[in-house]
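Below, each value reflects all heavy atoms present in this structure, side chains not excepted, and no hydrogens, waters or symmetry copies. So you know, we letter chains A, B, ... as the sequences are listed, proteins then strands, and number each from 1.
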Amino acid sequence: MPPEFTLHFERPIVELQKKIEEMKVIASRDGVNLNSEILSLENRLNKLKVDIYKNLSRWERVQVARHPRRPNTLDFLNRISSNFIEIHGDRNYRDDPAVVTGFASIGKHKVVVVGQQKGHDANENIKRNFGMMHPEGYRKALRAMKLSEKFRLPVVILIDTPGAYPGIGAEERGQAEAIARNIREMSRLKTPIVISIIGEGASGGALGIGVGDVILMFENAWFSVISPEGCAAILFRDKTAAPQSAEALKINAYDLLELGVIDEIIPEPPGGAHSDCIIAAKNLKTAITQKIEELIAIPLDELLRLRIEKYRRMGVFKEV
Amino acid sequence: MIWFKKRNSKLTSQQLKDIPEGLWIKCDSCGEIIYKKKLDRNLWVCPNCNFHFKVTSNYYLRIVLDEGTFEIFDENIRSTDPMKFKDRKKYSDRIKAYSNKLSITEAVVVGLGKIDNIPVSIGVMDFRFIGGSMGSVVGERVARAIERAIDKCIPLVIISASGGARMQESILSLMQMAKTGALLSKLDDAGLPYISVLTNPTTAGVMASYASLGDIIIAEPKALLGFAGPRVIQQTIGEELPPGFQSSEFFREHGFVDKIVSRAELRRTIAQVLRYLYRPADTIKSKIFDNE
Ligand SMILES: [Zn+2]
């Protein structure tokens, strides 16, 4: 994990944190009681975090979603589940390390988990291909989901990807076909599917494991048809226009809730998920558990009907 | 299209200037100068190199369906501007400009028709309309085409030409991939055939949804097919792409296209395949084999 990484709007927070640390050092070194001063600064820190995070622009939230210290799929699985048994491979070509699949217990529920895996540093990211899946990754995910269907376990999906990998091998092995097939098969998978967008949800790369009964989304995550940079380059013809294109694309959790694309926002601690991984994980676990319980109570036929209806309704048009 | 071998034009630029504009056309692929009427008689396929020029949705309806059988549906479904999207231009203005210029209302036309007397629910995309991009209207029209096939127990044929999801409708465009994919699972469950025809180009969001989900996938020769655009891939890997990469031929070689069929054979090939896959409504569910 990188020792320090500060986003520009986090600087006042970091400065105040340093000040508090210094005061604590002085207090213990000189044996003076600064408890009330420290407490008041800590209160100020909390208020500062809340204020700054409440007013972030869409582009700034994208930065939070990409924060190198932001908890990733395995960080969350370690905190929200127990007895995780990882399973590997698509039984056809290779094991794609950009996606993690396996069995886990979340509270009292046994589930199949599928999650896109990013790293915290360069080495981890190279190993995980920055969370960018190849076709065999989508097929590995589908294989895990087919097991969940066969053995009647709910599926818990964690989305965190800057996109499906654009490369020669990915095209040779049918990236488009793999994503398309997953979309179709997930729409009729005979078991509940709970999706959580935990960081980045870029386009087809996210949707390829992103069709289900419920879509949850962390407060600072983003989900879009294209990255703000991609849209800036293509539509704005200006690579520096990412902040404007993030605004135009409306890619934040609040936007997507309003558009009816996601079902619920998972709150992050003040200062973002990376500032307090434990609270972020607790919120995630609460949300997922609640949704699993709601979904397993619905008869399967009804569940599948509702799932297709949910997607059938998507889109805005007029009839003239 | 970088993978096509460019052959030097046989005519000099001076000679080109002497040709009355509008009567002749230069092949994008081999550079051959072709008399426009001849090209039209040849279904807009280069007689020299078999390159398939882009044609309109109406053109495909004319060459694929039995004459006079097409009945258009869902023409009244039109775009709004749900995101109030503006880049260098307002999205709502873009839509207006394209509709006025092209005399089509969106990037797909759907309806019912017959192919060699076989009833089909058909959709044909039109690359001219914002690059054949899929927004809410394309998604909804395709969704209704799928539902019409299910309701009437007839095959579905979709001819695609698209650069992908329409950015100006943002996440709603992405969701059209899920909408059409979900409905295709119902078509599949109903045991009805779906033939997907890929034309130049079919990429990204459309390729990664309904275009890749045909029971049988047919491609026109030398079309650009793929998930990511060649430029994006080149930038990512930082090296030249191999010749023929992401062509129809490349897709067939790698097992993602059943047949490469030239435009003149398209109608006949679809009909031949459908005669194997399609049985009249009353026999579909009552019999497993219809050999008796
Ligand atoms: Zn030619």
Between B:Arg144 and A:Glu319, does at least one N-O distance fall below 4.0 Å, as a salt bridge requires? yes
Any idea which of B:Gly135, B:Ser79, B:Ser185 has the most non-hydrogen atom pairs under 4.5 angstrom with chain A? B:Ser185
Nearest heavy atoms of A:Arg173 and B:Phe256, plus distance in Å: O-CZ, 3.1 Å
Side-chain donor or acceptor of B:Gln246 paired with backbone N/O of A:Glu171 under 3.5 Å: no
Contact class of B:Lys186 relative to chain A, heavy atoms under 4.5 angstrom: side chain
What are the residues of residues 188-198 of chain A, in order of number, with any heavy atom under 4.5 angstrom from a heavy atom of chain B? A:Arg188
Can you name the nearest heavy-atom pair linking B:Val137 to A:Phe317, along with the distance? CG2-CB, 3.9 Å
Under a 4.5 Å cutoff for heavy-atom pairs, which residue among A:Ala233, A:Ala170, A:Cys231, A:Gly174 has the most contacts with chain B? A:Gly174
B:Ser136 (side chain) donor-acceptor with A:Gly315 (main chain) under 3.5 angstrom: no
Short N-O contact, A:Arg313 and B:Glu140, less than 4.0 angstrom: no
Listed by residue number, which members of residues 207-217 of chain A have a heavy atom under 4.5 Å from any heavy atom of chain B? A:Leu207, A:Val211
For the candidates A:Arg312, A:Glu177, A:Arg307, which exhibits the highest count of non-hydrogen atom pairs separated by less than 4.5 Å from chain B? A:Arg312
Correct closest heavy-atom pair for B:Met177 and A:Ile183 would be O-CG2, 3.6 Å
Taking all atoms of both residues into account, what is the closest heavy-atom pair of A:Arg184 and B:Leu213, and its distance? NH1-O, 3.7 Å
What part of B:Tyr210 gets closer than 4.5 Å to chain A, counting heavy atoms only: side chain, backbone, both or neither? neither
Tell me the closest heavy-atom pair linking B:Met167 and A:Ile226, and the distance in Å. SD-CD1, 3.6 Å
Go through the atoms of B:Glu75 and report whether side chain, backbone, both or neither lie under 4.5 Å from a heavy atom of chain A. neither
Checking heavy atoms, do the side chain of B:Ile77, its backbone, both or neither come under 4.5 Å from chain A? both
Quick check: closest heavy atoms across B:Ser170 and A:Ser224, and the distance to 0.1 Å? OG-OG, 4.3 Å
